[in-house]
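Any value given below was found using the heavy atoms of this structure, including those in side chains, with hydrogens, waters and symmetry copies removed. As the structure is a prediction and not an experimental result, all values here were calculated from the model. Index from 1, following the sequence. Both counts, for ligands and for their atoms, begin at 1 and track the order of listing.
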Amino acid sequence: MSETFREGLLEGKVAFVAGASSGINLQVARRYAEAGAKVMIISRSEEKIQAAAKGLRDDGLEAMGMSCDVRDYGKVAEAFSVCRDKYGEIDIVLSGAAGNFLAPALGMSANAFKTVVDIDLLGTFNVFRASFEHLRKPGASLVAITAGQAVKPMMFQIHACAAKAGVNQVVKCLAMEWGPENIRVNAVSPGPIGDTEGMARLAPSGAAAEASKSKIPLRDWGTKDDIGDACLWLASDAARYVTGAIINVDGGSEFGDASLDATKVDASK
Ligand code: COA
Ligand code: NAP
């Protein structure tokens, strides 16, 4: 990807990124800041979020961090006020805080199910709902990080499947309700992304991990930058007519097993 695509794309804009002390969301925040945005990042751990913000600042980027649990609406609203006071009206909001673990329904308490639904789904509602009064209107762009579990049932993932399905509907409903204010609301659905906590918790390791790549149409896991670039595009004016979209950035993995190579099949037979 050419650097020219990113350079200055978000100059003068303000971005608020939830769940950004690590992983994919921190890389999205970095992409936003590299493109010129002033960035506020939040997550639960004061220590982790301040270290992440310092890492961005050490690279010459404009960033601040605040500890905030997305399940706490009052605290989320306070974080938006702090961001707006420091940086001004907010152009971009990314909601990506999530929790996950593998467990069968019978190995999961009601509180375990609720915990993941509260972080992923209620958290996304809280972040988007609390952002409204601080958004630049017209023109703000809201992006949720969803997952393939939203549309594809998976064993040991009943909590995440239910939560991310809800996230997709939050995105579509807000796209309808807030479109007249020219606020765009979209989601990015990452496939398997290497070097992340999500994959460490959910994916096979060793030979099984390599084998899993051979089933993906593009034959590889994605990178955090793949998600960063998709979120950058959605946040930019280049996506000005896109709203209510759930964009797969997954190498085609949504379609299931593509291990046969149809380009090598002898079509004459
Ligand atoms: N299997 C079954 N139940 C589990 C579990 C597991 N592996 N891990 C946690 N739980 C249950 C707990 O037992 C508890 O239920 P209980 O009160 O009935 O005992 C409930 O989930 C909440 O756990 P708690 O540790 O109090 O929640 P938390 O809010 O501190 O942490 C988690 C949230 C559990 C999602 C934690 O894994 C986390 O912080 N994850 C963030 C990072 C992450 O998941 N990244 C990947 C994103 S895709
Ligand atoms: P990660 O590094 O664990 O990121 C999750 C982030 O959310 C952390 O910064 C965590 O920081 C924060 N967080 C957790 N609970 C929170 C809460 N209650 N309030 C505020 N922040 C909270 O995991 P990741 O793998 O990069 O996943 C990032 C996103 O991508 C998630 O939405 C996930 O569902 C999605 N996704 C990932 C993959 C993948 O392959 N990894 C695939 C599809 C979708 P604190 O601990 O400091 O709170």
Check your understanding: When you measure from atom 35 (C) of ligand 1 to every protein heavy atom, which one gives the shortest distance, and what is it?
Key -> G99 CA, 3.6 Å

Review point. Please walk me through it: do Q157 and N100 pass side chain to side chain donor-acceptor pair (under 3.5 Å)?
Key: CA-CA 8 Å; Q157 286 285 277; N100 205 345; 2.9 Å; yes

Check your understanding: Between D91 and R136, is there a side-chain N and carboxylate O pair less than 4.0 Å apart?
Key -> yes

Practice item. Answer with yes or no whether the hydrophobic clustering places I24 together with L202; edges join I, L, V, M, F, W, Y residues whose side-chain heavy atoms lie under 4.5 Å apart. Key: no

Check your understanding: For atom 30 (O) of ligand 1, which protein heavy atom lies nearest, and how many Å away is it?
Key -> R44 NH1, 4.3 Å

Review point. Near S109, which atoms of ligand 1 are under 4.0 Å from a heavy atom of that residue?
Key: 15 (O), 16 (P), 18 (O)

Check your understanding: Please state which protein non-hydrogen atom is closest to atom 47 (C) of ligand 1 and give its distance, to 0.1 Å?
Key -> A98 O, 3.9 Å

Review point. Has the side chain of Y73 got a donor or acceptor atom that lies under 3.5 Å from a matching backbone atom of V127?
Key: no

Practice item. Check each of A112, S21, A97, G198 against atom 20 (C) of ligand 1 and report the one with the nearest heavy atom. Key: A112

Check your understanding: Considering all protein heavy atoms, does one lie under 4.0 Å from atom 26 (O) of ligand 1?
Key -> no

Check your understanding: Near R71, which atoms of ligand 1 are under 4.0 Å from a heavy atom of that residue?
Key -> 29 (O)

Point to revise | Sub-3.5 Å N/O-N/O distance, T115 and ligand 1 | key: no

Exercise for review: Using the side chain to side chain contact (heavy atoms under 4.5 Å, CB included) rule, take S189 and D250 through it: C-alpha gap first, then chi angles, then the decisive distance, then the call.
Suggested key: CA-CA 7 Å; S189 182; D250 67 351; over 6 Å; no

Study note, to complete from the structure: The side chain to side chain contact (heavy atoms under 4.5 Å, CB included) partner of L94 among V28, V39, V188 is V28

Check your understanding: Can a protein heavy atom be found under 4.0 Å away from atom 23 (O) of ligand 1?
Key -> no

**Study point:** Passing candidate, side-chain hydrogen bond (donor to acceptor under 3.5 Å, both in side chains) with Y87, options E62, K38, K13
**Key:** E62

Check your understanding: Should you measure from each heavy atom of E197, which atoms of ligand 1 turn up under 4.0 Å away?
Key -> 45 (N)

Practice item. Please identify which atoms of ligand 1 are closer than 4.0 Å to at least one heavy atom of G107. Key: 2 (C)

Point to revise | Under 3.5 Å: N/O of N111 near N/O of ligand 1 | key: yes

Review point. Under 4.0 angstrom from atom 32 (C) of ligand 1, is there any protein heavy atom?
Key: no

Practice item. Please indicate, with yes or no, if any protein heavy atom is found under 4.0 Å from atom 12 (C) of ligand 1? Key: no

Review point. Of all the non-hydrogen atoms in the protein, which one sits nearest to atom 44 (O) of ligand 1, and at what distance?
Key: N100 N, 2.9 Å

**Study point:** Neighbour count above 12 (heavy atom, 6.0 Å) for R219 CZ
**Key:** yes

Check your understanding: Aromatic ring centroids of F16 and H134 under 6.0 Å?
Key -> no

Check your understanding: Thinking salt bridges, do D72 and K75 make one under a 4.0 Å N-O criterion?
Key -> no

Exercise for review: Please report which non-hydrogen protein atom sits nearest to atom 36 (C) of ligand 1, along with the residue it belongs to and the distance in Å to one decimal place.
Suggested key: R201 NH1, 4.1 Å

**Study point:** salt_bridge(E254, K152) N-O dist < 4.0 Å
**Key:** no

Practice item. Take D266 and S268, measure what side chain to side chain donor-acceptor pair (under 3.5 Å) needs, and give me the verdict at the end. Key: CA-CA 5 Å; D266 183 351; S268 66; 2.5 Å; yes

Check your understanding: If you count the atoms of ligand 1 from 1 in the order shown, which ones are under 4.0 Å from a heavy atom of A103?
Key -> 1 (N), 2 (C)

Revision key, fill the gap. Nearest non-hydrogen protein atom to atom 9 (C) of ligand 1, with distance, is F101 CE2, 3.8 Å

Check your understanding: Considering all protein heavy atoms, does one lie under 4.0 Å from atom 15 (O) of ligand 1?
Key -> yes

Exercise for review: Please collect all salt bridge (Lys or Arg N to Asp or Glu O under 4.0 Å) contacts where either partner lies in residues 45-55, sequence neighbours excluded, each pair once.
Suggested key: K54-D58

Point to revise | Region of K164 that comes within reach of ligand 1 [heavy atoms, distance under 4.0 Å] | key: neither

Could you pull out the N/O contacts under 3.5 angstrom between ligand 2 and the surrounding protein atoms?
unit_1   : atom_1 : unit_2 : atom_2 : d
ligand 2 : 2 (O)  : S22    : OG     : 2.7
ligand 2 : 9 (O)  : G19    : O      : 3.2
ligand 2 : 9 (O)  : S21    : N      : 3.1
ligand 2 : 9 (O)  : S21    : OG     : 2.8
ligand 2 : 9 (O)  : S22    : N      : 3.4
ligand 2 : 9 (O)  : S22    : OG     : 3.3
ligand 2 : 11 (O) : S21    : OG     : 2.9
ligand 2 : 15 (N) : R44    : NE     : 3.4
ligand 2 : 18 (N) : D69    : OD1    : 2.9
ligand 2 : 19 (N) : V70    : N      : 3.0
ligand 2 : 25 (O) : G198   : N      : 2.9
ligand 2 : 26 (O) : I24    : N      : 2.9
ligand 2 : 32 (O) : G96    : O      : 2.8
ligand 2 : 32 (O) : K164   : NZ     : 3.1
ligand 2 : 34 (O) : K164   : NZ     : 3.1
ligand 2 : 40 (O) : G191   : O      : 3.4
ligand 2 : 40 (O) : I193   : N      : 2.9
ligand 2 : 41 (N) : T196   : OG1    : 2.8
ligand 2 : 46 (O) : R44    : NH2    : 2.9
ligand 2 : 46 (O) : K48    : NZ     : 2.9
ligand 2 : 47 (O) : S21    : OG     : 3.2
ligand 2 : 47 (O) : S43    : OG     : 2.6
ligand 2 : 47 (O) : S45    : N      : 3.2
ligand 2 : 48 (O) : R44    : N      : 2.9
ligand 2 : 48 (O) : R44    : NE     : 2.8

Exercise for review: In plain terms, say whether R31 and D229 are close enough for a salt bridge, that is, a side-chain N and a carboxylate O under 4.0 Å apart.
Suggested key: yes

Point to revise | F132 six-ring centre to K137 NZ/CZ under 6.0 Å and within 45° of normal | key: yes

Review point. For atom CZ of R240, is the number of surrounding heavy atoms from other residues, nucleotides or ligands below 6.0 Å larger than 12?
Key: no

